[in-house]
2 protein chains.
Amino acid sequence: MSVLRESLDAAFRTAGLRPTAQRYAVLEFLARRPRHATAEEIFHAVNRADPRASRATVYNSLRALAGVGLAREVASEGGAARFEAGLQPHHHFLCDQCGSLEDVPWFELPAGTGAASLGGRAIRGYEIVFRGTCANCEK
Amino acid sequence: MSVLRESLDAAFRTAGLRPTAQRYAVLEFLARRPRHATAEEIFHAVNRADPRASRATVYNSLRALAGVGLAREVASEGGAARFEAGLQPHHHFLCDQCGSLEDVPWFELPAGTGAASLGGRAIRGYEIVFRGTCANCEK
DNA sequence: GTCTAACTTTAGACATATTCTAATTAGTAA
DNA sequence: TTACTAATTAGAATATGTCTAAAGTTAGAC
Ligand SMILES: [Mn+2]
Ligand SMILES: [Mn+2]
Ligand SMILES: [Zn+2]
Ligand SMILES: [Zn+2]
């Protein structure tokens, strides 16, 4: 059993999720691959090799993984939902021209920023979405 | 002709968009309701009274309005796309429990925040998405 | 006002994305 | 192993969004 699989297994047990072959395959794909995959891309990727996973199971697995913080859906505009392994927090950049969705390294909001605007809510996290022209389109 | 309609008309002309009854209806609905409406909600709302607008026209109008900055699609997770009048900038809050999407008053990132992370891109704007438990679910 | 060209709307077909269902399979603990 | 429950499956059903070709509307020239 691979090192990755053992660590995923531990993550599943910690999270109280039954470790199934399909969940392994989905999470492993997200953990290994470039980010922001659609459910359809994941479906095809995990079915290149056994075991197979149905479309419904890809969606179910993504929801289960997201529920325990092992994956997350990325807020985006239009088209299919996109997912990534929920490893390190980071921000996002959305190109107006080509629509690409890129990661931006994490940085904290300075302490207290905007605190006055958030009364009554329990904030568990945040993310900044930048918009503009990506380096490629800028050339 | 109402004051609102005149100001929308001026906005259309400035933007170089032909003012049509359907675009008026869509933008007026968004401007009057402080919500994050789906295309389906807008479709029903503008068809309560004449003139009617087809589904395709609701989508076309939203795209046209968004293209000139009079409306915008809100980045969100799952389900149908949501739109709002593109008036003042603001941030958003997403409740983990009930899924509600709320406005958060605008505040600027302190100058230079994260600048080092964004090299090569032309930033035209940004938005912060907070997550957690809303005031209602918190009780 | 009349004309024309370009733009817009329409209904519904089409395409894509996601959820649901009922039967089957697989994980867990005793 | 056995019993119990959770998870998976294929495909149907639903939800969301785009496209098409014909008909209607707008803007600007005359
Ligand atoms: Mn990302
Ligand atoms: Mn908003
Ligand atoms: Zn780009
Ligand atoms: Zn809530």
Side-chain angles (χ1 to χ4, degrees), chain A residues 1 5 8-27 29 36-47 49-68 70-83 99, chain B residues 1 5 8-27 29 36-47 49-68 70-83 99:
Chain A
M1 190 184 270
R5 181 149 177 154
L8 297 187
D9 193 59
F12 280 149
R13 293 187 186 284
T14 300
L17 270 193
R18 285 192 180 177
T20 67
Q22 292 80 3
R23 287 173 179 167
Y24 276 126
V26 169
L27 184 51
F29 174 77
H36 310 144
T38 65
E40 191 66 13
E41 289 165 349
I42 298 167
F43 171 75
H44 282 116
V46 303
N47 284 318
D50 283 322
R52 304 226 128 76
S54 72
R55 261 167 242 278
T57 295
V58 169
Y59 282 102
N60 288 343
S61 296
L62 287 167
R63 181 158 30 178
L65 294 168
V68 299
L70 289 170
R72 62 179 176 183
E73 181 177 345
V74 181
S76 64
E77 295 178 5
R82 293 181 169 273
F83 301 86
Chain B
M1 190 183 271
R5 180 147 176 154
L8 297 187
D9 193 58
F12 281 147
R13 291 186 188 286
T14 301
L17 268 193
R18 286 192 180 179
T20 68
Q22 292 80 4
R23 286 173 180 167
Y24 277 127
V26 169
L27 183 51
F29 174 76
H36 301 112
T38 64
E40 191 66 12
E41 289 166 348
I42 298 168
F43 171 75
H44 282 116
V46 303
N47 284 319
D50 284 323
R52 303 228 130 73
S54 71
R55 263 167 239 276
T57 295
V58 170
Y59 282 102
N60 287 343
S61 296
L62 287 168
R63 182 159 27 179
L65 293 169
V68 300
L70 289 170
R72 62 178 176 183
E73 181 178 347
V74 181
S76 64
E77 296 177 2
R82 293 179 169 274
F83 301 86

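These numbers were taken from a predicted model, which means no experiment stands behind them. Here is the naming used below: chain letters follow the sequence lines, and residue numbers restart at 1 for every chain.
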Please report, rounded to the nearest Å, how far the C1' atom of D:dT16 is from the CG atom of B:L62.
13 Å
Describe the nucleic acid contact of B:A53 in one word from base, sugar-phosphate, nothing, applying a heavy-atom distance below 4.0 Å.
sugar-phosphate
With a 4.5 Å cut-off on side-chain heavy atoms, are B:F83 and B:V26 touching?
no
Counting the atoms with a prime plus P, OP1 and OP2 as sugar-phosphate, which does A:A64 contact under 4.0 Å by heavy atoms, base, sugar-phosphate, or nothing?
nothing
Between D:dT25 (C1') and B:F12 (CZ): distance, integer Å:
15 Å
Spacing between B:E41 atom CD and D:dG17 atom P, to the nearest angstrom:
11 Å
Quickly work out the A:L17 CG to D:dT5 C1' distance and round it to whole Å.
15 Å
Interatomic distance where CG belongs to A:L65 and C1' belongs to D:dA6 [whole Å]:
15 Å
Should A:E41 and A:R82 be marked as a side chain to side chain contact (heavy atoms under 4.5 Å, CB included) after you check the CA-CA gap, both sets of side-chain angles, and the distance that decides it?
CA-CA 10 Å; A:E41 289 165 349; A:R82 293 181 169 273; 4.2 Å; yes
Of B:P19 and B:T38, whose nearest nucleotide on DNA chain D comes first from the 5' end?
B:T38
Taking for B:S61 and for B:G78 the nucleotide of DNA chain C with the nearest heavy atom, the one nearer the 5' end belongs to B:S61
Heavy atoms under 4.0 Å, any strand shown: does B:R13 hit a base, just sugar-phosphate, or nothing?
sugar-phosphate
Check whether the side chain of B:R18 and the base of C:dT8 form a donor-acceptor pair under 3.5 Å.
no
Here the distance between atom P of D:dA12 and atom CZ of A:R55, to the nearest Å, is 13 Å
B:G78 backbone acceptor or donor facing A:E73 side chain under 3.5 Å
yes
Going by heavy atoms in the side chains, are A:R72 and B:E77 under 4.5 Å from each other?
no
What is the distance from CZ of B:F43 to C1' of D:dG17, rounded to the nearest Å?
13 Å
Of A:G79 and A:R52, the one whose nearest nucleotide on DNA chain D sits closer to the 5' end is A:R52
Would you classify B:A21 as touching base, sugar-phosphate or nothing, given that sugar-phosphate means primed atoms plus P, OP1 and OP2, and contacts are heavy atoms under 4.0 Å?
nothing
Taking only N and O in the side chain of B:Y59, is any of them less than 4.0 Å away from OP1 or OP2 of D:dG17?
yes
Quick one: does any side-chain atom of B:R55 pair with a main-chain N or O of B:F43 as donor and acceptor, under 3.5 Å?
no
N/O (side chain, B:Q22) to phosphate O (OP1/OP2, C:dT10) under 4.0 Å
yes
Do A:Y24 and A:D9 come within less than 4.5 Å of each other through their side chains, counting heavy atoms only?
yes
Measure from the side-chain heavy atoms of A:A56 and tell me the nearest of D:dT8, C:dT9, C:dC20.
C:dC20
Any base atoms under 4.0 Å from B:T20, or only sugar-phosphate, or nothing? Heavy atoms, all strands.
sugar-phosphate
Once you apply a heavy-atom cut-off of 4.0 Å, does A:A80 come out as touching a base, just sugar-phosphate, or nothing?
sugar-phosphate
Just how far, in rounded Å, is C1' of D:dA10 from CG of A:N60?
13 Å
Indicate, with a heavy-atom threshold strictly under 4.0 Å, whether A:R23 touches base, sugar-phosphate, or nothing.
sugar-phosphate
